[in-house]
Amino acid sequence: MIMTPHQVAAVAALGGLATAIGLILFVALALGLHAILSRLVDACDAYRTRRAYQRDQQQQRRSLGVFTDAQRAIDSLPTTDHPHKR
């Protein structure tokens, strides 16, 4: 079957439209993944910063020798970063 010039133009237009939609979806997927990964990295950094601050505070209390029974009980629990350390 021979296609008319109008049919060829319509197929070419549909192919171009499909390619454009595919590129748009690819860029949207890439941007979405980037946003998710950057939020995950930020959350991990915030967690590490908070844990480091808590460890510093704990070390300062130890060095000052200022402990209540509750602080001693909390400090005797293992940390989540290093289960073997206390």
Side-chain angles (χ1 to χ4, degrees):
M1 178 170 137
I2 298 174
M3 294 176 60
T4 66
H6 291 294
Q7 289 173 328
V8 171
V11 170
L14 287 175
L17 183 62
T19 302
I21 290 173
L23 286 174
I24 289 170
L25 289 175
F26 176 76
V27 169
L29 176 66
L31 289 175
L33 287 175
H34 179 267
I36 289 170
L37 288 176
S38 66
R39 288 187 65 142
L40 182 63
V41 168
D42 290 345
C44 290
D45 288 343
Y47 174 76
R48 280 193 207 106
T49 302
R50 187 176 72 242
R51 285 296 299 148
Y53 175 77
Q54 288 172 348
R55 278 192 298 273
D56 290 345
Q57 292 297 316
Q58 195 176 56
Q59 193 63 30
Q60 285 178 357
R61 285 196 310 268
R62 278 192 190 129
S63 66
L64 292 174
V66 179
F67 276 101
T68 65
D69 290 336
Q71 287 171 334
R72 281 192 194 96
I74 291 169
D75 290 338
S76 69
L77 296 173
T79 65
T80 56
D81 292 340
H82 303 286
H84 305 346
K85 284 187 173 181
R86 291 186 79 178

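Note: hydrogens, waters and symmetry copies are ignored here, and every other heavy atom, side chains too, is used. In this chain, residues are counted from 1 in sequence order.
- Put simply, the residue from L29, L31, I24 that forms a side-chain contact (heavy atoms from CB on, under 4.5 Å) with V27 is L31.
- The two residues M3 and V11 have their closest heavy-atom pair at CE-CG2, 3.7 Å.
- When the options R55, R50, Q57 are evaluated for a side-chain contact (heavy atoms from CB on, under 4.5 Å) with Y53, the one that passes is Q57.
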Quick one: do I36 and L40 satisfy side-chain contact (heavy atoms from CB on, under 4.5 Å)? Show the steps, please. CA-CA 6 Å; I36 289 170; L40 182 63; 5.5 Å; no
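- A salt bridge does not link D42 to R39: none of the charged nitrogens lies less than 4.0 Å from a carboxylate oxygen.
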